[in-house]
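A short worksheet on the structure shown next.
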Amino acid sequence: MLELNLIRREPEKVKAGLRKRNWKEEDLAIVDRILALDEERRQLQTRLDGMLAESNRISKEIGQLFRQGKREEAEARKAQVSTLKEEIKELQARKAEVEARLEELLLSVPNVPHPSVPAGSTDADNEICKDWTGPLPELPQGARPHWELAQQYGIFDLELGARLTGAGFPVFRGQGARLERALINFFLDEARAAGYEEIQPPLLVNADTARGTGQLPDKEGQMYHVEKDDLYLIPTAEVPITNIYRGEIIPEEQLPIKMAGYTPCFRREAGSYGAHVRGLNRVHQFDKVEIVQIAHPDHSYEVLDEMLAHVSGLLDKLELPYRIVRLCGGDLGFTSALTYDFEVWSAAQQRWLEVSSVSNFETYQSNRMKLRFRGKDKKTRLAHTLNGSALALARIVAALLENNQTPEGIRIPSVLVPYTGFERISTNR
RNA sequence: GGAGAGAUGGCCGAGUGGUCUAAGGCGCACGCCUGGAAAGCGUGUACUCCGGGAGAACCGGGGUCGCGGGUUCGAAUCCCGCUCUCUCCGCCA
């Protein structure tokens with residue numbers, strides 16, 4: 001949720017941001033409607049405060065009159081307050097109504113994109129910031145996509161998952177399961193070495209938490225909902241981890257706060273189908289290590305760069321070709337100010353797969369969460385929140401399988417060998 | 001799932017209808033004292049909204065004692081609902 005102050009001070013900047021997100025001119029009027037409602041709200045508040053002050057004053061007098069034994073005067077004042085009270089009730093109702101409408105409008109305004117966000121409407125307009133300049137893997141004759149390799153080596157089984165649960169729930173087996181676990185441990189160890197506190201959050205969250213990071217109300221359809229308990233399966237560890245500090249006021253010297261966690265992630269992904277979602281390319285449940293930082297507003301873009309470097313380091317160590325893409329206005333998430341995607345080369349599919357998304361939300365999430373810090377000047381300010389995948393497992397596995405296939409089996413990058421306990425995946429395990 | 005107790009400021013804790021503008025203590029900050037420190041003494045110490053103001057200074061007002069309603073001229077205090085915590089019982093990896 002955007003800060004009302006920003007809309008009040010710089011409505012044109014907000015409108016320019018919406019234009020970058022390809023909003024139609026006539027829809028920009030929402031900014032003016034917000035400003036009008038805010039003005040109305042403040043006027044109501046001023047009037048209401050005056051009446052409440054009056055009522056408080058008279059009530060105090062009544063107390064004094066009673067103690068002095070002046071019953072009749074006290075009774076007269078009572079009647080006076082009674083009429084005041086009716087007006088107060090009416091004003092309160094109007095104020096609540098105005099506030100509810102204001103809130104609703106505010107929730108429907110996305111974050112203002114960072115100046116560096118390129119114009120554009122689809123992923124074709126995204127800007128490649130760092131392309132892969134090295135050689136792409138050369139595959140042997142008869143190279144196969146990862147879903148075929150999975151069958152050949154018994155790494156994971158989607159048909160089995162479909163029988164147990166439904167489409168999009170892979171069952172990892174044998175060396176495949178061990179590879180998953182190795183990657184998780186590798187990513188967590190790397191995060192810890194980079195100063196992130198390891199978190200094991202709940203996998204189900206309540207509506208307040210889902211609202212804090214912006215999954216509700218706008219991405220409701222993305223999440224699995226447990227109706228009986230009104231809980232949501234997390235689509236990413238970002239949701240519970242960022243909310244750890246919801247409503248907190250953090251001493252400035254504790255910033256930045258760095259947290260990392262491994263969780264399975266659950267996404268409904270309704271309506272997707274076809275060849276580009278085969279295998280592990282898009283599934284309903286996948287493993288991911290997420291890194292989260294809560295940063296000082298003056299330094300959040302340095303933090304973003306640091307997170308990009310961290311993710312780059314992971315991919316370097318895994319020896320995977322990758323490129324970094326800056327999302328354009330049309331592709332940018334609702335709550336994000338700036339997002340970089342990491343894409344790894346999937347040699348058999350001959351395409352780039354998104355394996356990480358690193359974003360700065362500035363105060364968009366923290367405003368909704370009331371996540372603040374206390375500066376050296378004793379004032380409270382909203383902190384900036386950032387997060388990134390480091391990394392999303394399913395597609396990393398897909399790329400590793402395809403890029404490292406040899407006639408003797410699938411080579412494990414040397415950095416992972418201490419974690420897997422084997423150097424190659426082969427039929428004879 | 002059943003029974004009971006509770007939720008007050010950064011923390012502990014008092015407070016059963018008006019003087020609560022929330023006692024007292026701890027902690028923290030600043031000052032005095034000291035060669036320096038401790039002790040002692042003094043002062044201060046929540047968040048938020050609205051208005052005034054050039055003002056993130058300051059002044060005035062509103063709201064917040066778990067959350068939401070209600071009773072009352074007036075609620076931390078009385079009533080109803082909810083959430084959470086603790087104790088006991090049941091179930092359980």
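Lettering follows sequence order; numbering is per chain, from 1.
Under 3.5 Å, the side chains of T209(A) and N243(A) contain no donor-acceptor pair of N or O atoms. Side-chain atoms of N360(A) and S300(A) include a donor-acceptor pair closer than 3.5 Å. Counting only N and O atoms by type, the side chains of E3(A) and N367(A) include no donor and acceptor under 3.5 Å apart. Under the 3.5 Å distance criterion, with hydrogens and angles disregarded, no donor-acceptor pair is assigned to the side chains of K85(A) and S55(A). Using modelled atom types, one finds no donor on one side chain facing an acceptor on the other under 3.5 Å when comparing Q151(A) with D157(A). For the residue pair Y262(A)/N185(A), the side-chain donor-acceptor check at 3.5 Å is not satisfied.
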Report task. Scan nucleotides 46-68 of chain B nucleotide by nucleotide, 5' to 3', and note B when protein non-hydrogen atoms come under 4.0 Å of the base, S if they reach only the sugar-phosphate, - if neither. Result -> SSSSSS----BS---BSS-----
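Nucleotides rU72(B) and rG15(B), compared at atom P, are 28 Å apart to the nearest Å. rC84(B) sits 16 Å from rU8(B) when the C1' atoms are compared, rounded to a whole Å. Rounded to whole Å, the C1' atom of rC58(B) lies 28 Å from the corresponding atom of rC65(B). A distance of about 15 Å separates the C1' atoms of rC32(B) and rA38(B), rounded to the whole Å. One P atom belongs to rG6(B), the other to rA14(B), and the distance between them is 12 Å to the nearest Å. Rounded to the nearest Å, the gap between the P atom of rG9(B) and that of rA5(B) is 22 Å. For the P atoms, the distance linking rU87(B) with rA29(B) amounts to 35 Å, nearest Å. Spacing of P atoms, rA56(B) relative to rU77(B), comes out at 36 Å, to the nearest Å.
Nucleotide rU77(B): unpaired (no Watson-Crick or G-U wobble partner with both distances less than 3.5 Å). Base pairing of rC82(B): its partner is rG66(B), meeting the Watson-Crick or G-U wobble criterion (both donor-acceptor distances under 3.5 Å). Across all strands shown, rG1(B) forms a Watson-Crick or G-U wobble pair, both distances under 3.5 Å, with rC89(B). Searching all strands for a Watson-Crick or G-U wobble partner of rG60(B) with both distances below 3.5 Å returns rC50(B). With a cut-off of 3.5 Å on both pairing distances, the Watson-Crick or G-U wobble partner of rG24(B) is rC12(B). The pairing partner recorded for rC30(B) is rG42(B), the criterion being a Watson-Crick or G-U wobble arrangement whose two distances lie under 3.5 angstrom.
Inter-residue side-chain proximity for C129(A) and V325(A) is flagged as unmet; no heavy-atom pair is nearer than 4.5 Å.
Other residues, nucleotides and ligands place no more than 12 heavy atoms under 6.0 Å from the CD atom of E104(A).
Here rU83(B) presents its P atom at 12 Å from CG of D229(A), a figure rounded to the nearest Å. For D208(A) and rC82(B), the CG to P distance is 18 Å, given to the nearest whole Å. Distance Q92(A) CD to rG69(B) C1': 13 Å, rounded to the nearest Å. Protein atom CD1 of I88(A) is 14 Å distant from nucleotide atom C1' of rU72(B), rounded to whole Å.
Using a 4.0 Å cut-off between charged nitrogen and carboxylate oxygen, E54(A) and R57(A) count as a salt-bridge pair. Taking the charged nitrogens against the carboxylate oxygens, K15(A) and D32(A) do have a contact shorter than 4.0 Å, which makes a salt bridge.
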Report all interatomic pairs (protein N or O, nucleotide N or O of nucleotides 18-22 of chain B) with separations under 3.5 Å.
from, atom 1, to, atom 2, distance (Å)
rG18(B), O2', R67(A), NH2, 3.1
rG18(B), N2, S59(A), O, 2.8

